[in-house]
A.B. asks: 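Have a look at this one.
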2 protein chains.
Amino acid sequence: MSLDGQLPPKMRLLRAAAELLANSAGAPVSTRQITQLAGVTAPTLYHHFGDKEGLFDAVVAAGFEEYVAGERDFAPSGQPLEDIRRMWDNHVQFGLNQPELYLVMFGNIRPESRPAIVADAEALMEEMLNKAAVAGQLNVQPREAARSILAANVGVTLMLIAEPAPDRNLELSTMTRDAMIFAVSAEPANGAAPGDNGRSSVVVAAIALNAALQASHSDQLSSSELKLFLEWLHRISTSPAG
Amino acid sequence: MSLDGQLPPKMRLLRAAAELLANSAGAPVSTRQITQLAGVTAPTLYHHFGDKEGLFDAVVAAGFEEYVAGERDFAPSGQPLEDIRRMWDNHVQFGLNQPELYLVMFGNIRPESRPAIVADAEALMEEMLNKAAVAGQLNVQPREAARSILAANVGVTLMLIAEPAPDRNLELSTMTRDAMIFAVSAEPANGAAPGDNGRSSVVVAAIALNAALQASHSDQLSSSELKLFLEWLHRISTSPAG
DNA sequence: TAGCACCTATAGCATTGCTATATGAACTGA
DNA sequence: TCAGTTCATATAGCAATGCTATAGGTGCTA
C-alpha cells in the first residue's frame with residue numbers, strides 16, 4: 001500500500017499527493033492521507049514543501065510540465081492553424097484525463113496566486129499562433145488571439161468536466177474550437193450563403209425550407225420520407241398562423 | 001458588528017455567509033465566523049441548511065437569481081443577437097463584481113454536484129438564442145450554440161477574474177464574444193464579410209423552422225407526426241452540409 | 001572524534017466541520 | 001386552561017484537520 005521503492009521522501013510525497021488528488025473525486029485530500037501513503041510523517045512534508053499548498057503547487061507544476069510536453073509533442077505540421085486545433089484538442093483531453101488536477105490548475109484561479117500558469121499556457125499558444133501570423137493567416141494580434149482562444153478552451157474544458165462522463169459531447173469542443181479559430185483567421189473560406197432577410201414565423205420558415213429542400217434535393221431523407229415531410233410542410237405553411 | 005436587525009436567523013446566516021464570502025479574498029470562510037457574524041450558534045446553521053455546503057449552495061442560489069434577474073432585465077431589443085451580446089457582457093460584469101461568488105458557481109464545477117446551475121444558465125441563453133433561430137439568424141441548433149457561447153463566456157470571465165484588477169482588458173471579452181456570435185450566426189453581418197463556413201440555406205431554414213415549431217406548439221400535425229417530423233428536421237439540420 | 005548541516009520522528013496545539021442532547025417558544029386540541 | 005407536539009435555538013464536546021516546537025538520528029568534513 002505504501003509508495004516505497006527507494007525513492008527519496010520528497011518524490012514519494014509528490015507521487016502520493018498526485019495519486020490521491022487524482023482519485024479523490026473532489027473530496028478534500030488531507031495531509032495525513034498523503035504522509036501515510038508516502039510512508040512519512042508530517043514534519044517531512046512541511047520541511048520539503050513548507051505548506052500543504054506548497055505541495056499541491058509542486059504537483060500542479062509537475063502536471064503543467066506534462067501538459068506542456070503534450071502540447072509540444074505535435075511536430076509542426078506546416079499548417080499552423082491545424083496545429084492550433086490539435087493543441088486545443090490536447091488541452092481538452094488533458095483536462096478530461098486529469099480533471100482534479102485540471103480544476104486545481106484552471107478552476108480555482110484567483111488574482112493573487114494563480115496566473116503564472118495561465119501566463120505560461122498563453123505564451124505556449126501565442127508561440128504557435130505566431131507562426132500563423134507570419135504566414136499571413138491571422139486576423140488579430142497573436143497575443144490577443146492566444147488569450148481569446150485559451151479562454152474559450154478553458155471554458156469548454158470546464159464545462160465538459162462538469163458534465164457526467166457518459167453524457168460528454170465532444171462536439172461542443174470542436175464546434176467552439178473551430179468558431180474561435182475561424183474568427184481569428186484571415187482566410188475567407190468560400191463565398192455565397194444567400195441569407196435572406198430572416199423575418200420570423202413558422203410559415204415563412206417553412207416556406208423557405210420547402211423551397212430550399214426542393215432546390216437542393218438533400219439526401220438526408222429517403223424519397224418516401226421526403227414526400228411525407230413535404231406534405232406536412234405544406235400543411236404547416238398553408239395554415240392560418242402558428 | 002453582528003448582523004442583527006429583526007431578520008430571522010436563517011436570513012442572517014445567509015447574509016453573513018454572503019458577506020464573508022464576498023470579502024474573503026479566497027481565504028476559506030469558517031462556520032464559526034459565519035455564525036458569529038450572524039449572532040447565532042452552530043446548531044442553528046445545521047438545522048436550517050444541514051451542511052456548510054448546503055448554506056453555500058443557498059448563497060449561490062440567491063446569487064444565481066440575482067444573475068438571472070440581471071440577464072432578464074434587458075428588454076428584448078428586437079435584435080436577438082444584440083441581446084445575446086448584452087447577455088454576455090452582463091455575465092462578465094456579474095463575475096467581476098462578485099468574483100468569489102462567481103468562482104463558487106462556475107470555478108469549482110464538479111460532475112457530481114454542480115451542473116444544475118450550468119444547465120439553468122444554458123437554458124437562459126438557449127431561450128434567447130431561440131428567438132435568433134426563429135428569425136433565421138442561426139447557423140446551428142440553439143442548444144448547441146448556447147452551450148458553446150456559455151462555455152466561452154465562462155472561460156473569458158474566469159480569465160478576467162484571474163487577472164489583477166488594474167490589468168484587466170475587457171477587449172478580451174468583446175473579441176471572444178463577437179467571435180462566438182459571428183460563428184453561430186447565419187447572416188454575413190454586412191455585405192463586406194462574406195465567408196462563413198458555408199452552411200446552406202437548407203440548414204438555416206431547417207433550424208429556424210425547428211425553433212419556431214417548438215416555440216409555438218403548432219397543432220397542424222399530430223403529436224406522433226410531429227415527433228417524426230422533428231426527428232427528420234434534426235437529421236437535416238445536423239447534417240454536415242446541405 | 002568533534003562538529004555541523006541536513007533530514008526525519010514524537011507528541012501535541014489550535015481550529016475546523018459537525019452533533020448528541022437539552023432547553024425554550026409557539027401553536028394545537030380538549 | 002393546560003398537556004402535547006413541533007419547531008427553533010443553545011451548551012458542550014468529539015473527531016479530524018493543518019501545522020509546529022522540540023528532539024533525535026544520519027552522513028559529511030576536519
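Just so it is clear, the values below take in all heavy atoms, side chains as well, and ignore hydrogens, waters and symmetry mates. Note on naming: letters A, B, ... go to the chains in the order of the sequence lines (proteins, then strands), and numbering restarts at 1 for each one.
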A.B. asks: Does anyone know the first and last nucleotide of DNA chain D in reach of chain A, 5' to 3', at under 4.0 angstrom to a heavy atom?
C.D. replies: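 First-to-last contact on DNA chain D, by the 4.0 Å heavy-atom rule, is D:dT17 to D:dA21.
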A.B. asks: Given atom CG of A:Leu45 and atom C1' of C:dA9, what is their separation to the nearest angstrom?
C.D. replies: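 So the two atoms are 14 Å apart, to the nearest Å.
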A.B. asks: Does A:Thr44 put a side-chain nitrogen or oxygen below 4.0 Å from OP1 or OP2 of C:dA9?
C.D. replies: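 Yes, within the criterion.
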A.B. asks: May I ask you to evaluate whether A:His47 reaches the phosphate of C:dT8, defined as a side-chain N or O under 4.0 Å from OP1 or OP2?
C.D. replies: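 Answer is no, no contact under 4.0 Å.
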A.B. asks: Output, in order, the C-alpha distance, side-chain angles, deciding distance and verdict of side-chain contact (heavy atoms from CB on, under 4.5 Å) for A:Ile34 and A:Phe56.
C.D. replies: CA-CA 11 Å; A:Ile34 297 173; A:Phe56 277 66; 4.1 Å; yes
A.B. asks: Report the C-alpha separation of A:Leu124 and A:Met87 in whole Å, then their side-chain angles, then the decisive distance to 0.1 Å, and conclude whether the side-chain contact (heavy atoms from CB on, under 4.5 Å) test is met.
C.D. replies: CA-CA 10 Å; A:Leu124 200 63; A:Met87 208 166 172; 3.6 Å; yes
A.B. asks: Going by side-chain contact (heavy atoms from CB on, under 4.5 Å), name the residues that satisfy it together with A:Arg143, two or more places apart in sequence or in a different chain.
C.D. replies: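 Partners of A:Arg143 by the side-chain contact (heavy atoms from CB on, under 4.5 Å) criterion, ordered by chain and then number, come out as A:Glu126, A:Arg147.
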A.B. asks: In this structure, how many angstroms lie between the P atom of C:dG17 and the CG atom of B:Leu13, rounded?
C.D. replies: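 Whole-Å distance recorded here is 13 Å.
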A.B. asks: Tell me the interatomic distance from B:Leu20, atom CG, to C:dT16, atom P, rounded to whole angstroms.
C.D. replies: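 From B:Leu20 CG to C:dT16 P: 12 Å.
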A.B. asks: Is there a side-chain contact between B:Ser30 and the phosphate of C:dT16, meaning an N or O under 4.0 Å from OP1 or OP2?
C.D. replies: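 Yes.
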A.B. asks: Base, sugar-phosphate, or nothing for B:Pro28, non-hydrogen atoms under 4.0 angstrom?
C.D. replies: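 Result for B:Pro28 = nothing.
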A.B. asks: If you find the nucleotide of DNA chain D closest to A:Ala42 and the one closest to A:Gln33, which residue's nucleotide is nearer the 5' end?
C.D. replies: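 On the 5' side of the pair lies A:Gln33.
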A.B. asks: The criterion is side-chain hydrogen bond (donor to acceptor under 3.5 Å, both in side chains); which residues satisfy it with B:Asn169, sequence neighbours excluded?
C.D. replies: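 Scan of B:Asn169 (side-chain hydrogen bond (donor to acceptor under 3.5 Å, both in side chains), adjacent residues dropped) gives none.
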A.B. asks: For B:Asp51 and C:dC18, what is the distance between atoms CG and C1' respectively, to the nearest whole Å?
C.D. replies: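 To the nearest whole Å, that distance equals 9 Å.
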A.B. asks: What's the CZ-P distance between A:Arg32 and C:dT16, to the nearest Å?
C.D. replies: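 Going from CZ in A:Arg32 over to P in C:dT16 covers 16 Å.
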A.B. asks: Could you tell me which residues satisfy side-chain contact (heavy atoms from CB on, under 4.5 Å) with B:Asp167, sequence neighbours excluded, listed by chain and number?
C.D. replies: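 Per chain and number, B:Asp167 pairs via side-chain contact (heavy atoms from CB on, under 4.5 Å) with B:Glu163, B:Pro164.
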A.B. asks: Would one find a side-chain N or O of A:His48 under 4.0 angstrom from OP1 or OP2 of C:dC6?
C.D. replies: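 For A:His48, the contact criterion (side-chain N or O under 4.0 Å from OP1 or OP2 of C:dC6) is not met.
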A.B. asks: State which residues pass side-chain contact (heavy atoms from CB on, under 4.5 Å) with A:Val140; sequence neighbours excluded, sorted by chain then number.
C.D. replies: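 side-chain contact (heavy atoms from CB on, under 4.5 Å) list for A:Val140, sorted by chain: A:Ala145, A:Val184, B:Met175.
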A.B. asks: Just list the side-chain donor-acceptor pairs under 3.5 Å for residues 43-51 of chain B, sequence neighbours left out, or say none.
C.D. replies:
none

